[in-house]
Amino acid sequence: HVQLVESGGGSVQPGGSLKLSCATSGHTRSVHLMGWFRQVPGKEREGVAAIYIPGGGTAYSDSVKGRFTISQDNAKDTFYLQMNDLKPEDTAMYYCAARGTIYGPPLSAPTYNYWGQGTQVTVS
């Protein structure tokens, strides 16, 4: 079992920045892909960024490339999503997620096994 605990959401003005954190615990050795997703009411959950474990390769949605960065801390138990130049269309509930397999599209929500509780990001 893997537990994910998120923090860092909030409200910012357009052009501002936020850094989301995802602390992991439990049987994390089974995790080989970590991702950040976002969702607004009535819409499908959208993959934002993912990072491969080990290796550190990343994937981003076109809408956030050049603005968002996913990373892992030195202890390898916390993941981050640095969000810069935030836009109103970035407003969503953001979720941290984990899955065991590296195979398949890295930003596909149904392929992830574990999810955090979500943290709201509002850009206005």
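All values reported here derive from a predicted model rather than from experimental measurement. Numbers for residues simply follow the sequence, beginning at 1. Just so it is clear, the values below take in all heavy atoms, side chains as well, and ignore hydrogens, waters and symmetry mates.
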Is [Y] close to [X] at the side-chain level, that is, under 4.5 Å between some pair of heavy atoms?
X      : Y      : answer
Pro88  : Pro14  : yes
Tyr114 : Cys96  : no
Tyr60  : Val48  : no
Ile53  : Ile102 : no
Pro106 : Leu33  : yes
Leu86  : Leu18  : yes

> Does one hydrophobic cluster hold both Leu107 and Val64, with members joined at side-chain heavy-atom distances below 4.5 Å?
Replying inline: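 The answer is no; the residues belong to distinct hydrophobic clusters.
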> Is it the case that one hydrophobic cluster holds both Val31 and Leu20, taking links as side-chain heavy atoms less than 4.5 Å apart, direct or via other members?
Replying inline: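 Cluster IDs for Val31 and Leu20 match.
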Heavy atoms from other residues, nucleotides or ligands near [atom1] of [X] exceed 12 (cutoff 6.0 Å):
X     : atom1 : result
Glu89 : CD    : yes
Lys87 : NZ    : yes
Gln13 : CD    : no

> Which is it for Gln3 and Ser25 under the side-chain hydrogen bond (donor to acceptor under 3.5 Å, both in side chains) test, yes or no, and what are the steps along the way?
Replying inline: CA-CA 5 Å; Gln3 296 84 42; Ser25 61; 3.0 Å; yes
Using 0.5 Å steps for rounding, measure from the [atom1] atom of [X] to the [atom2] atom of [Y].
X      : Y      : atom1 : atom2 : value
Thr28  : Met34  : OG1   : CE    : 9.5 Å
His1   : Asn113 : NE2   : CG    : 11.5 Å
His32  : Ile51  : NE2   : CD1   : 14.0 Å
Ile70  : Gln82  : CD1   : CD    : 12.5 Å
Thr78  : Asp73  : OG1   : CG    : 4.5 Å
Gln117 : Leu4   : CD    : CG    : 9.0 Å

Might you point out which heavy atoms bring [X] and [Y] nearest each other, and give the distance in Å?
X      : Y     : result
Gly118 : Met93 : C-SD, 3.6 Å
Ser17  : Asp85 : OG-N, 4.2 Å
Ser108 : Phe37 : C-CE2, 3.9 Å
Ser30  : Val2  : OG-CG2, 4.3 Å

>> Parallel, tilted or perpendicular: which one describes the rings of Phe68 and Tyr94, with boundaries at 30° and 60°?
In response: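 Ring orientation of Phe68 relative to Tyr94: tilted.
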>> Show me the pairs that pass salt bridge (charged side-chain N to carboxylate O under 4.0 Å, His left out) and involve residues 49-72, at least two apart or across chains.
In response: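 Qualifying pairs: Asp62-Lys65, Arg67-Asp90.
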> Which pairs pass salt bridge (charged side-chain N to carboxylate O under 4.0 Å, His left out) with one or both residues in residues 45-56, sequence neighbours excluded?
Replying inline: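 Listed once each, the pairs are Arg38-Glu46.
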>> Using the rule given for side-chain hydrogen bond (donor to acceptor under 3.5 Å, both in side chains), can you reason through Ser61 versus Ser63, listing the C-alpha separation, both sets of side-chain angles and the distance that settles it, and then say yes or no?
In response: CA-CA 5 Å; Ser61 67; Ser63 63; 3.1 Å; yes
> For Gly9, does its backbone N or O pair with a side-chain atom of Thr119 as donor and acceptor, under 3.5 Å?
Replying inline: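 Here the side-chain-to-backbone pair exists.
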> So, the side chain of Thr24 versus the backbone of Asp77: is there a donor-acceptor pair under 3.5 Å, distance only?
Replying inline: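 Here the side-chain-to-backbone pair exists.
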> So, Trp36 versus Phe79, ring centres under 6.0 angstrom or not?
Replying inline: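 Not close enough - the centres of the two rings lie 6.0 Å or further apart.
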>> Quick check: Tyr95 with Tyr112 (ring centres under 6.0 Å apart)?
In response: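 That pair fails the under 6.0 Å test.
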> Which is it for Lys19 and Leu81 under the side chain to side chain contact (heavy atoms under 4.5 Å, CB included) test, yes or no, and what are the steps along the way?
Replying inline: CA-CA 6 Å; Lys19 189 174 184 178; Leu81 185 68; over 6 Å; no
